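Data block below; observations after.
From a predicted model like this one, the values you see are computed outputs, not experimental measurements. Any value given below was found using the heavy atoms of this structure, including those in side chains, with hydrogens, waters and symmetry copies removed.
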Amino acid sequence: MRQRLIIATMLLLSSLPALAAEVSGFRVWADPVKTRAVLDLDRKTAYKLFTLENPHRVVVDLQGSSIDIPVELDEEHAGIIKSVRYGQPDKDTLRVVFDLSEGAELKSFLLDPTAQYSHRLVIDLYSKSSRQSSSLVKHVSNISKPNREVVIAVDAGHGGEDPGAIGRKKTQEKVVVLQIARELKKAIDAEPGMKAVLTRDGDYYIPLRGRYEKARKARADLFVSIHADAFTKRSVQGSSVFVLSARGASSEFARLLADSENASDLVGGVTLNDKDDMLASVLLDLSQSATRQASNKVASDILRAMKRRGKVHKPHVGRANFMVLKSPDVPSVLVETAFISNPGEEKRLTEKEFQQRMARTITRGVKDYFYSSPPPGTWIAANRDGLKYVVARGDTLGGIANRYSVSLTRLRSANNIRGDVIHVGRELVIPTS
Ligand SMILES: [Zn+2]
């Protein structure tokens with residue numbers, strides 16, 4: 001592995017002009033399996049990377065580079081990196097040394113500039129002792145239990161190197177969506193028969209495909225990705241719910257939005273290895289139509305809950321080609337909770353009260369979905385008898401029957417209704433088989 005790495009850097013050495021690059025920034029991020037160090041460079045430069053033992057270190061030699069910033073280690077995010085220092089072994093080389101608390105496998109790559117960043121060198125340190133968190137295993141064993149809980153993967157967008165959208169008061173999307181995701185997990189876990197797992201529970205980046213892979217490993221019945229919108233027009237506001245569109249976006253707005261959300265991987269930094277997955281998932285897309293139907297259903301249930309409780313941006317479910325929704329077998333939706341570019345909503349996004357209300361609203365929609373179409377063998381499937389539904393403005397008897405997959409006749413007879421008239425606020429019994 002290390003040998004291949006050195007060959008790769010040698011190729012790089014020969015193909016790049018020997019221009020002096022300057023290191024202008026340094027950041028670290030730690031997730032459950034790796035620590036990521038990022039160096040901002042003003043141009044692409046050749047580099048060499050190797051590890052040393054006793055004590056464990058990683059050495060990065062950047063050809064013809066200089067550094068003009070104090071390299072300070074953000075200890076909260078530093079993972080297995082204990083300290084950083086740099087020097088100049090000869091006049092054409094900048095050497096950066098990371099002192100590690102344990103041995104690590106290395107992966108490194110250069111990233112091209114994006115809107116937010118210049119050229120970057122990314123170094124991933126995989127700690128040899130780290131293990132995948134055991135919570136995933138717990139959920140896998142859960143699936144074989146009778147009356148198991150339904151599992152909802154709650155995905156806080158962006159993270160780490162990728163801040164997502166940024167409001168005028170500098171509120172970062174990655175921060176508020178993680179707070180909302182944690183509230184959502186709490187609200188879901190409080191419901192009998194429902195259980196949430198977070199795809200990320202900290203400030204680090206996960207590639208888009210890695211997010212739904214996590215959901216699949218946890219045997220999730222549903223994947224909900226949480227975001228906050230940004231738009232050039234500051235007056236634009238409200239929540240929206242999106243599902244994947246295979247045939248392009250439902251509007252120009254949705255297309256722009258998908259572009260910016262999908263750019264996340266460029267910003268967050270994916271490795272070249274992720275490209276193989278892309279081909280695989282294109283093939284899997286072909287078997288996606290059942291999943292897509294379920295996604296549509298849960299998206300409209302969430303949107304309906306939102307319409308009852310707050311402002312929605314568009315009255316219907318949006319469609320866009322979001323990478324993160326491409327799971328072939330887990331129904332997936334993306335919720336844009338509010339517009340971080342709208343000053344009022346930016347403020348609200350940071351408030352606990354709004355975050356909790358948003359979490360309760362999404363939970364309401366998710367619950368409606370699972371109670372109307374519970375996966376077989378789940379607690380909800382066994383316990384939804386006597387399910388009640390409170391008629392909301394705009395509901396029709398046919399619409400409710402359709403949503404809960406019961407015939408209009410059975411719905412009428414269970415509630416002693418003759419015609420089609422139902423009043424807002426009336427509690428209906430939903431018959432189950
Ligand atoms: Zn986003």
Side-chain angles (χ1 to χ4, degrees), residues 29 31-32 36 114-117 152-167 170-185 188 196-215 218 220 222-231 238-244 249 253-270 274 295 298-299 302 306 313 318 320-327 330-342 345-346 348-350 354-355 358-359 361-362 366:
W29 309 101
D31 70 28
R36 165 166 289 185
T114 65
Q116 281 146 310
Y117 295 110
I152 296 109
V154 175
D155 173 57
H158 312 276
E161 185 74 351
D162 171 21
I166 297 174
K170 302 270 175 278
T171 306
Q172 295 182 312
E173 182 184 355
K174 68 171 183 180
V175 175
V176 290
V177 296
L178 179 59
Q179 290 165 348
I180 295 170
R182 285 174 174 154
E183 292 296 342
L184 181 54
K185 177 175 162 49
I188 289 173
V197 284
L198 294 171
T199 57
R200 81 171 165 97
D201 193 11
D203 189 10
Y204 47 83
Y205 187 73
I206 307 171
L208 296 174
R209 276 157 213 287
R211 293 170 188 265
Y212 71 63
E213 281 304 324
K214 280 199 162 188
L222 174 67
F223 176 88
V224 183
S225 192
I226 306 291
H227 288 257
D229 261 342
F231 196 55
S239 320
S240 348
V241 184
F242 284 89
V243 293
L244 179 71
F253 177 80
R255 195 185 62 75
L256 290 173
L257 186 64
D259 282 351
S260 71
E261 297 293 8
N262 292 343
S264 193
D265 270 351
L266 297 175
V267 182
V270 287
D274 293 324
S295 303
V298 68
I302 292 173
M306 283 181 162
H313 173 54
N321 203 5
F322 290 119
M323 206 77 87
V324 75
L325 299 183
K326 284 206 168 185
S327 173
V330 183
S332 305
V333 296
L334 187 144
V335 178
E336 297 279 0
T337 50
F339 279 84
I340 206 167
S341 49
N342 174 282
E345 292 201 333
E346 176 181 6
R348 247 163 280 152
L349 277 165
T350 63
F354 175 88
Q355 295 173 351
M358 182 54 63
T361 305
I362 297 170
V366 168

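- Residues L178 and D203 fail the side-chain proximity criterion, which asks for heavy atoms closer than 4.5 Å.
- Figure legend: R211 and Y205 shown as a cation-pi pair, the cationic atom lying under 6.0 angstrom from the six-membered ring centre and within 45 degrees of its axis.
- With contacts defined as side-chain heavy-atom distances shorter than 4.5 Å, the pair L349/I180 qualifies.
- Of all heavy-atom pairs between P163 and Y117, the closest is CD-OH, 4.0 Å.
- The closest side-chain heavy-atom distance from R200 to V177 is below 4.5 Å.
- Applying the side chain to side chain contact (heavy atoms under 4.5 Å, CB included) test to T361 and every residue at least two apart in sequence or in another chain returns A305, M306, R309, R357.
- Contact annotation: the side chain of L184 never approaches that of V366 to less than 4.5 Å [non-hydrogen atoms, C-beta and beyond].
- Within the 4.5 Å cutoff, the side chain of E336 has heavy atoms near those of the F242 side chain.
- Here the CE atom belonging to M358 is positioned 13.5 Å from the CD atom belonging to Q179, to the nearest 0.5 angstrom.
- The heavy-atom pair separating A181 from V154 by the smallest distance is CB-CG1, 3.7 Å.
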V224 vs V335, test: side chain to side chain contact (heavy atoms under 4.5 Å, CB included). Steps then yes/no. CA-CA 7 Å; V224 183; V335 178; 4.1 Å; yes
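- To the nearest 0.5 Å, atom CG of residue L198 and atom CZ of residue R182 are 7.5 Å apart.
- A side-chain donor-acceptor contact under 3.5 Å links S332 to the backbone of V330.
- The minimum heavy-atom distance between F322 and L244, with the atom names listed, is O-CD1, 3.3 Å.
- The NZ atom of K170 sits 9.0 Å away from the CD atom of E346 when rounded to the nearest 0.5 Å.
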Check against side chain to side chain contact (heavy atoms under 4.5 Å, CB included), W29 and E161: CA-CA 8 Å; W29 309 101; E161 185 74 351; 3.0 Å; yes
Could you go through the side chain to side chain contact (heavy atoms under 4.5 Å, CB included) check for S295 and L325 one step at a time? CA-CA 9 Å; S295 303; L325 299 183; over 6 Å; no
Applying side-chain hydrogen bond (donor to acceptor under 3.5 Å, both in side chains), run through Q355 and E183 and close with a yes or a no. CA-CA 7 Å; Q355 295 173 351; E183 292 296 342; over 6 Å; no
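- Two residues are said to be in side-chain contact when any heavy atoms from C-beta on lie closer than 4.5 Å; E345 and F354 fail this criterion.
- Looking at I340 and I166, their side chains never come closer than 4.5 Å, going by heavy atoms from C-beta outward.
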Are I226 and I362 close enough, and set up right, to give a side chain to side chain contact (heavy atoms under 4.5 Å, CB included), and what steps lead you there? CA-CA 10 Å; I226 306 291; I362 297 170; 3.9 Å; yes
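- Residues forming a side chain to side chain contact (heavy atoms under 4.5 Å, CB included) with S225 (at least two apart in sequence, or on another chain): D155, F223, H227, V324, L334.
- Under the 4.0 Å criterion applied to side-chain N and carboxylate O atoms, K174 and D162 are not assigned as salt-bridge partners.
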